[in-house]
Amino acid sequence: STTDVFIEATNIDVVKANIVLDTIVTMFSEYCTEPFTCEPVDIIYEKDNRIETTPLLTKRTCDAKVKDINSIIGINIKPQEMCKLCDKMQLGPAEYIQSNETIRVNVPPTRSDILHAVDVIEDIAIA
């Protein structure tokens, strides 16, 4: 039975390579003995001895205004419902920021397609 898997991604665009690597690692990590874990790897560049650790498993937040969500989709739902819909689309935990009337989502490494607030709005519409 397999106990270790090494995943390598090569690309002339390092950003795209990291996106692919993050996505593949997070998908495979579901099947680890300890689910959703991975062992990082250091890349040592011979030319300048620079060290990069991969995978990056980048997480970030993205905000969308409640007013924009309702008007662009053509709906009228409360922020709490928007947060539930974001959670369904793997953008959670989403939270309502009352001070500036926005929904803040957490973008995991598996959702590299979320680039802008309009992508959050699209996911709410789909959900």
Side-chain angles (χ1 to χ4, degrees):
S1 66
T2 303
T3 58
D4 296 305
V5 176
F6 180 79
I7 300 170
E8 186 267 339
T10 302
N11 194 315
I12 57 172
D13 183 333
V14 71
V15 173
K16 289 178 183 170
N18 282 318
I19 289 170
V20 168
L21 185 61
D22 281 359
T23 303
I24 293 171
V25 167
T26 53
M27 294 297 136
F28 269 97
S29 69
E30 178 181 356
Y31 303 102
C32 292
T33 303
E34 185 180 333
F36 305 108
T37 60
C38 73
E39 186 176 326
V41 174
D42 286 339
I43 301 169
I44 304 168
Y45 292 89
E46 290 179 0
K47 185 175 181 179
D48 58 6
N49 286 329
R50 181 172 40 108
I51 299 173
E52 289 183 18
T53 303
T54 64
L56 299 177
L57 299 176
T58 306
K59 299 175 189 170
R60 59 188 174 78
T61 61
C62 186
D63 294 350
K65 295 198 171 293
V66 170
K67 180 183 75 155
D68 293 343
I69 295 168
N70 278 324
S71 69
I72 290 172
I73 300 173
I75 58 175
N76 187 21
I77 61 174
K78 298 196 179 308
Q80 294 75 13
E81 179 65 20
M82 293 175 187
C83 289
K84 288 179 186 175
L85 294 172
C86 288
D87 292 348
K88 284 172 107 176
M89 298 299 286
Q90 300 177 353
L91 295 176
E95 63 179 313
Y96 172 54
I97 313 287
Q98 192 169 3
S99 61
N100 59 358
E101 296 283 315
T102 61
I103 300 297
R104 175 165 293 152
V105 300
N106 291 287
V107 182
T110 52
R111 292 301 311 268
S112 59
D113 61 312
I114 304 296
L115 304 174
H116 187 270
V118 74
D119 298 315
V120 174
I121 296 169
E122 177 186 27
D123 267 24
I124 291 171
I126 291 168

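Remark: E30 pairs with F36 by the side chain to side chain contact (heavy atoms under 4.5 Å, CB included) rule, at least two apart or across chains. A search for side chain to side chain donor-acceptor pair (under 3.5 Å) contacts involving N49 returns nothing, not counting sequence neighbours. When the side chain to side chain donor-acceptor pair (under 3.5 Å) test is applied to R111, the partners found at least two apart in sequence or on another chain are D113, D123.
Linking ILVMFWY side-chain heavy atoms closer than 4.5 Å, directly or via other members, places L115 and V120 in two distinct hydrophobic clusters. Follow the hydrophobic side-chain contacts under 4.5 Å out from F28 and you reach L57 in the same cluster. Cluster membership check: I121 does not share its hydrophobic cluster with M89, using side-chain heavy-atom separations under 4.5 Å among Ile, Leu, Val, Met, Phe, Trp and Tyr. Connection of L56 to L21 is not established within any shared hydrophobic cluster, with ILVMFWY side chains joined at heavy-atom distances below 4.5 Å, either directly or through further cluster members. Note on I19: it does not cluster hydrophobically with I7, by side-chain heavy-atom contacts below 4.5 Å among ILVMFWY residues.
Among all heavy-atom pairs drawn from N100 and K65, the shortest one is O-NZ, 3.7 Å. Smallest separation of non-hydrogen atoms from K88 and A127: NZ-O, 4.3 Å.
To the nearest 0.5 angstrom, C32 atom SG is 9.5 Å from D4 atom CG. E101 contributes atom CD, which lies 12.5 Å from atom CG of D63 (distance to the nearest 0.5 angstrom).
No more than 12 heavy-atom neighbours from other residues, nucleotides or ligands sit within 6.0 angstrom of CD on Q90.
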Listing, residues 37-44 side-chain donor-acceptor contacts under 3.5 Å, not counting sequence neighbours, or none:
{"unit_1": "T37", "atom_1": "OG1", "unit_2": "E34", "atom_2": "O", "d": "2.6"}
{"unit_1": "D42", "atom_1": "OD1", "unit_2": "T53", "atom_2": "OG1", "d": "2.6"}

Review item, side-chain donor-acceptor pairs of residues 69-87, under 3.5 Å, at least two apart:
{"unit_1": "N70", "atom_1": "OD1", "unit_2": "I77", "atom_2": "N", "d": "2.9"}
{"unit_1": "N70", "atom_1": "ND2", "unit_2": "I77", "atom_2": "O", "d": "3.2"}
{"unit_1": "S71", "atom_1": "OG", "unit_2": "K67", "atom_2": "O", "d": "3.1"}
{"unit_1": "S71", "atom_1": "OG", "unit_2": "D68", "atom_2": "O", "d": "3.4"}
{"unit_1": "D87", "atom_1": "OD1", "unit_2": "A94", "atom_2": "N", "d": "2.9"}

Walk me through it: do E122 and V118 pass the test side-chain contact (heavy atoms from CB on, under 4.5 Å)?
CA-CA 6 Å; E122 177 186 27; V118 74; 5.9 Å; no
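Annotation: side-chain hydrogen bond (donor to acceptor under 3.5 Å, both in side chains) contacts involving residues 13-22, sequence neighbours excluded, are absent.
Looking only at side-chain heavy atoms (C-beta outward), R104 and Y96 stay at 4.5 Å or farther from each other.
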